[in-house]
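Input: a single structure, listed below in structure tokens.
Count residues from 1 along the sequence.
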Amino acid sequence: MNISAIVRRHRLLLGSGTLLGLLGTVATLVQPLLIGDLIKAVALDEPLLWPIVLIGALFAADALLAAVHFYLIGRAGENIVLDMRTTLTGRLLHSQIRAFNKLEHGDVFTRTLADTSIARVALSSSVAQMITAGFTSVGCIAVMAWIDWRMLLATAGCLGVASAVALGLARAVRRAAVQNREDTSDYGSGLLRVLGALTTVKASRAERREAERLAGLADGARVSGIHVTRLSAMLMPAMNVGTQVSLAVVIAWGMARTATGALPIEDLTAFIMYLFYLVSPLVMLFMALGEFQQGRAAIDRVKDLADVEQETPADPAEAAEAANAAGPDGPADPQAAAKAAATGARTVEGAPAVEFSNVTFSYTEDAAPAVDGISFSLPATGVTAVVGPSGAGKTTLFQLIERFFVPDSGTIRLSGADAARLPLDELRSRIGLVEQEAPLMRGTVRDNLVYARPDATDEEIREALAAAHLTDVVQALPDGLDTELGESGTGLSGGQRQRLAIARSLLTRPAVLLLDEATSHLDSDSERALRDAIDTIGARCQVLTIAHRISTTIGADRILVVEEGRLRASGTHAELMDSDSTYRRLASHQLAPSGAAS
């Protein structure tokens, strides 16, 4: 994330607000001089109307400029945080699954919401305050030097010590703020972890234990937060001590000089006013510096999150570049490379729906391959079941087809097109995926059903509901398709949620339908209806299903047996029962009608 570019997009508001703040500072700096002139006019018995009117006008102008300055800077800050959140959420949504799975969701939430708010302060109001406060401080010092440079030196000595202490405190605030953000993120992650498995926590009678653990994390955030508050609270007293000592010196010495006639009373009055005017911007300067230091910590956390690895939206141009760079075996010129790339990403009529050619993939560099040299070819239509022990690599095959992960080696083709060269949007528009947990979102049944096809017609919706054996279920809901669902589809049973996910996928009319344990939560009647629907769907596209139930595999056109990441056998149920020992074992245990589906 380029923070500088985001800030530059709003430089007009920031610049205008800062300029108005500086003009307000000029109005502030002139006020003590005019009050000194007013005192002089009183002493000389001159008319007071116009000096009073001028001072009042300056007060009003100062207030108006300050209000507009505050509004413009605040508006720029809100625009900046909008840009940051929009950019950040976009990068999270386009992140690689492998990289995203390494993140703690509570920490992601904290960085996206809380840290961007803190960063907003650092990038807008803190910077503007430092500029205006710095300008005010310099202006006050310049006028005080013009009035009496000797008293300025005495004042600077006292305030200089206080300022050095305040600067050290500001640096300590930043370090403490970093720790506080980390502690807050740990608490957020722990809370989401528990709330995401609340029924398990209750069933395990772990409420007290988890409450104590969360209380410990919350207390850690409290302790580090108090540390930040303690350091921040010391900034003002440090400046106040310097101010009080300076004021005592100025009054004592100034009155003595006034008594001897060495310093006019109006100059002493103006000097004291400038001293008061100097303290406030100095305090603001160091407070803004402390906020900026906290904001820098938040900015660093946001930038780190934004650096999450992104999916590569492959397209023919990228493939052409790669092909052209292939050397003697590749195309000799860019035009030939582009043609080869376009051919590689083009759907071939009559080609297999899914084709794996010696595909290998590992989740980490030092891990054993989850998929090891697998090759197979599936026709454009039909039903294929994938079976194998837990951890054999079945779900990984689906994730590779969807390009959630990219193979370490080998080629995957969809309808003859190289999946690596297809734009992601086009690739995934050809595939329907029904996951084992069938995740749904808060919203209506209709919202979840048409999520991948917002423009679906009523007739298409009815067809998808019928195919997933959901028509009667939807009609029985209080508001039909407009019935509101809670988090993760609360309001429907597990089987109903899974069938709704199936209907959602069918609505896209995919060329390849991937069913990851799609029947695991269905009763026998619903499973039979869905199996009939799958057979019907298999007549117009390739249905690839991970199955543990013998009823699912028996009716499949072909079965792939996967074990330890390798494809050990393929064939029909009858063929595999005769030829493959692993399939016979699974059919006798995991896939038996009396066995538990996993």
Side-chain angles (χ1 to χ4, degrees), residues 352-363 367-402 404-405 407-414 419 431-436 512-520 522 527 530-531 534-535 537-538 541-598:
V354 180
E355 184 178 5
F356 273 54
S357 299
N358 198 29
V359 173
T360 296
F361 170 76
S362 300
Y363 284 99
V371 170
D372 190 2
I374 282 185
S375 298
F376 62 83
S377 179
L378 305 179
T381 59
V383 178
T384 302
V386 182
V387 301
S390 296
K394 304 183 296 295
T395 299
T396 304
L397 291 177
F398 281 19
Q399 293 172 331
L400 289 172
I401 294 173
E402 281 275 9
F404 293 153
F405 299 101
D408 299 328
S409 62
T411 303
I412 300 173
R413 293 185 178 275
L414 298 177
I431 303 168
L433 173 65
V434 179
E435 299 172 80
Q436 183 175 0
V512 179
L513 180 60
L514 307 178
L515 304 180
D516 189 350
E517 305 278 9
T519 61
S520 61
L522 302 184
E527 182 190 356
L530 178 60
R531 195 163 58 244
I534 290 175
D535 291 339
I537 297 166
C541 74
Q542 175 60 228
V543 179
L544 185 58
T545 176
I546 296 175
H548 279 211
R549 293 186 179 181
I550 191 67
S551 56
T552 303
T553 59
I554 286 178
D557 298 311
R558 66 198 60 78
I559 302 169
L560 306 179
V561 183
V562 180
E563 187 174 30
E564 295 182 350
R566 298 183 179 89
L567 178 63
R568 58 171 290 130
S570 64
T572 64
H573 170 73
E575 292 170 348
L576 292 173
M577 287 295 290
D578 291 337
S579 63
D580 188 73
S581 59
T582 295
Y583 184 79
R584 276 197 305 273
R585 174 170 54 83
L586 292 174
S588 301
H589 299 286
Q590 291 180 334
L591 302 180
S594 60
S598 62

Spell out, as yes or no, whether a donor-acceptor pair under 3.5 Å connects the side chain of [X] to the backbone of [Y].
{"X": "Glu355", "Y": "Ser377", "value": "no"}
{"X": "Ser375", "Y": "Asn358", "value": "yes"}
{"X": "Lys394", "Y": "Thr545", "value": "no"}
{"X": "Thr360", "Y": "Gly373", "value": "yes"}
{"X": "Arg558", "Y": "Thr572", "value": "no"}

Distance from [X] atom [atom1] to [Y] atom [atom2], nearest 0.5 Å?
{"X": "Gln542", "Y": "Thr381", "atom1": "CD", "atom2": "OG1", "result": "7.0 Å"}
{"X": "Ser357", "Y": "Ile374", "atom1": "OG", "atom2": "CD1", "result": "12.0 Å"}
{"X": "Ile537", "Y": "Leu515", "atom1": "CD1", "atom2": "CG", "result": "7.5 Å"}
{"X": "Leu567", "Y": "Phe376", "atom1": "CG", "atom2": "CZ", "result": "7.5 Å"}
{"X": "Leu433", "Y": "Glu402", "atom1": "CG", "atom2": "CD", "result": "5.0 Å"}

Can you check whether [X] reaches [Y] side chain to side chain, under 4.5 Å on heavy atoms?
{"X": "Leu586", "Y": "Thr553", "answer": "no"}
{"X": "Ile401", "Y": "Leu544", "answer": "yes"}
{"X": "Leu414", "Y": "Val354", "answer": "yes"}

Heavy-atom closest pair, residues Ser362 and Ala367: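 Of all heavy-atom pairs spanning Ser362 and Ala367, the closest is OG-O, 3.6 Å.
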Minimum heavy-atom separation for Glu575 to Gly571, with atom names?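 Result for this residue pair: OE1-CA, 3.4 Å.
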Of Pro407, Ser409, Pro369, which meets side chain to side chain contact (heavy atoms under 4.5 Å, CB included) against Val359?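 For Val359, the side chain to side chain contact (heavy atoms under 4.5 Å, CB included) check succeeds only for Pro407.
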Under the side chain to side chain contact (heavy atoms under 4.5 Å, CB included) test against Asp516, which residue among Leu397, Val386, Ile546 passes?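 Testing each of Leu397, Val386, Ile546 against Asp516, the sole residue satisfying side chain to side chain contact (heavy atoms under 4.5 Å, CB included) is Ile546.
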Using the side chain to side chain donor-acceptor pair (under 3.5 Å) criterion, which residues pair with Arg568? Sequence neighbours excluded.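 Applying side chain to side chain donor-acceptor pair (under 3.5 Å) to Arg568 gives Glu563, Asp580, Thr582.
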Qualifying residues under side chain to side chain donor-acceptor pair (under 3.5 Å), relative to Thr396, sequence neighbours excluded: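 Result, side chain to side chain donor-acceptor pair (under 3.5 Å) vs Thr396: Tyr363.
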Pair Phe356, Leu378 - check side-chain contact (heavy atoms from CB on, under 4.5 Å), show working. CA-CA 9 Å; Phe356 273 54; Leu378 305 179; over 6 Å; no
